[in-house]
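Reading through the structure tokens given below for one structure.
Along the sequence shown, residues are numbered consecutively beginning with 1.
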Amino acid sequence: MTFCSWEAKRLVSLAIPVFLAQVTLVLMSVVDTIMAGQVSPTDLAALSIATGVWNPAMLALQGILLALTGIIAQFSGANDKTGISHYFQQGLYLAGVLSVIGLSIAYFADIIILKLDTSPAIANMAYDYIHFVKWGIIGFLVFSVYRNITEGMGMTKPAFYISLIGLAINIPANYVFIHGMFGMPALGGAGCGIATALVFTAMAIAQVIYCQLSKKVDAKTLLANFQAPQLPTMWAITKVGIPISLATFFEVTLFACIPLFIAHLGAVAVAGHQIAASVTTLLFMMPLSLSIAISIRIGNLYGQNHFEQLKKAISTSYILAMIIAILLAAITFFGRNVISQLYTDDARVIALATSIMILACIYQLPDSLQVAANGILRGLKHTAPISYITFISYWLIGFSLGFVLARTDLIVPAMGPHGFWVGIIVGLSVAAVLLMLTVANRFKHEPLKSA
């Protein structure tokens, strides 16, 4: 592999603002959890169930719009303002369609919640949360379109600054609607739903204002002569975006389902797994941010037909991913005891969480490589293989093996939570190999012209 220091600097400069924006968005969820938990266990449980039902649907819809980053990066690389304008406008129409789908999904939430074995108080509060937060889907998806357009054009800092605005609004808004102030009723954990909807709306407005005023984005020109909806273009975005959406959905639901299959082992097993999952989710923001930066850079170079530089960028991406994996593994291994103690003072839970984190160290390498390859494929707009590779790797291999190791004695004595983590390691390793082979085969069958 060839390492290009210039490409590495470019990728890191794109990735750092994305990472900060992603962490800020995660912090909003952390704030909701802390503030709801301070009210009562019922409020926290309701928030947990509601977000478990709503977030996968919301992220799946956003995943479709993520296709715009790679598409716009290619147009930006080719300096094609007409193409950027066209897909920008059609992306907004698509956001409108997806918003209607999101609002429709919310009406089925009560069916899912009623099937869960929980108390009426928790179920009612979870239901209220979803029917408050659903009104933020429009702002969230409009924000996503504008963010993907600006990031596709190589501007990753605006999303971070706007995420800070969202976090600044989130805390006081939560307080107002959870506890009831300024004439508002005290809604408890359900109030986080209103706060989140307001945050997403405010972020969308801030993003629109920035893009209208920015000379670099020049949204006024891009949105001038607004065209009617073009179904072929909207379908082209959707076709590229659906595999990204499905991959996100498969990964989110994989980690969401594991607690259900170890619940019979008791609270210690679930808590230990949850701590390890929470830590690795936060750390995952680093390779994920690199993946987004890779898709932008690869899209730019593909649009420019810079074949030789593109090959250097790909190999540099893999090397950076491995460096990040080593860094995250070191943080996880050496910090596992201190990190676990931040979550709990129960010695049994700490012991379990720290032992799981050792396994998490092992999966950092395949995880970083598979999201790097994912970013390359998104930049090339070759996303179709992503969905079936992630489904086979995460579910047919990773989850199935994890279930056998965790719940049965077929291979070894039942390993409990550790079994699922071993399954995840194997699944991610398979995904990394298959996605990297897909990248290699893409160039073998469709070589690019050198500029």
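The heavy-atom pair separating Ala321 from Ser368 by the smallest distance is O-CB, 3.3 Å. Residues Leu65 and Ser144 approach most closely at CD1-CB, 4.2 Å, considering heavy atoms. Taking every heavy atom of both residues into account, Val240 and Thr383 meet most closely at O-OG1, 2.7 Å. Across all their heavy atoms, Thr280 and Ala360 have their closest contact at CG2-CB, 3.7 Å. Residues Ser295 and Ala73 approach most closely at O-CB, 4.2 Å, considering heavy atoms. Taking all atoms of both residues into account, the shortest heavy-atom contact from Phe160 to Pro17 is CB-O, 3.6 Å.
Annotation: side chain of Met357 is not in contact with side chain of Ile331 (no heavy-atom distance under 4.5 Å). By the 4.5 Å heavy-atom criterion applied to side chains, Ile386 and Arg378 are counted as neighbours. Between Leu435 and Leu377, some side-chain heavy-atom pair lies under the 4.5 Å cut-off. The closest side-chain heavy-atom distance from Ile72 to Met153 is below 4.5 Å. The side-chain heavy atoms of Cys211 and Thr150, taken from C-beta on, include a pair separated by under 4.5 Å. With a 4.5 Å cut-off on side-chain heavy atoms, Trp395 and Phe250 count as touching. Trp54 has its side chain within reach of Ile137: a pair of non-hydrogen atoms, C-beta onward, lies under 4.5 Å apart. Side-chain contact check for Val430 versus Ile392: every heavy-atom pair is 4.5 Å or farther apart.
Atom CD1 of residue Ile298 and atom OG1 of residue Thr69 lie 14.0 Å apart, to the nearest 0.5 angstrom. A distance of 12.5 Å separates NZ of Lys9 from OG1 of Thr316, quoted to the nearest 0.5 Å. In this structure, the separation between CG on Leu141 and CD1 on Ile101 is 9.5 Å, given to the nearest 0.5 Å. Phe140 contributes atom CZ, which lies 6.0 Å from atom CG of Leu59 (distance to the nearest 0.5 angstrom). Remark: Met155 CE to Ser76 OG distance equals 7.5 Å, nearest 0.5 Å. Considering CG of Leu310 and OH of Tyr302, their distance stands at 9.0 Å, rounded to 0.5 Å.
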What verdict does the side chain to side chain contact (heavy atoms under 4.5 Å, CB included) test give for Val371 and Leu288, after you've listed the backbone C-alpha separation in whole Å, the side-chain angles of each residue and the deciding distance to 0.1 Å? CA-CA 6 Å; Val371 292; Leu288 176 63; 5.5 Å; no
Checking Met58 against Val133 for the side chain to side chain contact (heavy atoms under 4.5 Å, CB included) test, could you report, in this order, the C-alpha distance in whole Å, the side-chain angles of both residues, the deciding distance, and whether it holds? CA-CA 10 Å; Met58 184 179 70; Val133 79; 6.0 Å; no
Where do Trp421 and Met415 land on the side chain to side chain contact (heavy atoms under 4.5 Å, CB included) test, with the steps shown first? CA-CA 10 Å; Trp421 285 81; Met415 297 173 66; over 6 Å; no
Begin from the C-alpha positions of Leu401 and Ile411 and carry the test side chain to side chain contact (heavy atoms under 4.5 Å, CB included) through to its verdict. CA-CA 10 Å; Leu401 176 62; Ile411 301 175; 4.1 Å; yes
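Each ring-ring contact (aromatic ring centres under 6.0 Å, His included) pair with one or both residues in residues 8-32, not counting sequence neighbours, would appear here, but there are none.
Side chain of Ser291 to backbone of Pro287: no donor-acceptor contact under 3.5 angstrom is found. A donor-acceptor distance shorter than 3.5 angstrom exists from the side chain of Ser245 to the backbone of Ala60, with no hydrogens or angles considered. Looking only at distances, no side-chain donor or acceptor of Thr196 sits under 3.5 Å from a matching main-chain atom of Gly193. With Ser400 contributing its side chain and Ile397 its backbone, the two residues share no donor-acceptor pair below 3.5 Å. For Asn441 (side chain) and Leu437 (main-chain N/O), a donor-acceptor pair under 3.5 Å exists by modelled atom type. Between the side chain of Gln364 and the main chain of Ile326, no donor-acceptor pair closer than 3.5 Å is present. Within the 3.5 Å criterion, the main-chain N or O of Leu14 finds a donor-acceptor partner in the side chain of Thr156. Looking only at distances, no side-chain donor or acceptor of Asn300 sits under 3.5 Å from a matching main-chain atom of Gly154.
No more than 12 heavy atoms of other residues, nucleotides or ligands sit less than 6.0 Å from atom NZ of Lys312. No more than 12 heavy-atom neighbours from other residues, nucleotides or ligands sit within 6.0 angstrom of NZ on Lys157.
For the ring-ring contact (aromatic ring centres under 6.0 Å, His included) with Phe88, the lone residue among Tyr93, Tyr146, Phe75 that qualifies is Tyr146.
Using cut-offs of 30° and 60° for the angle between ring planes, the Phe399 and Phe420 rings count as tilted.
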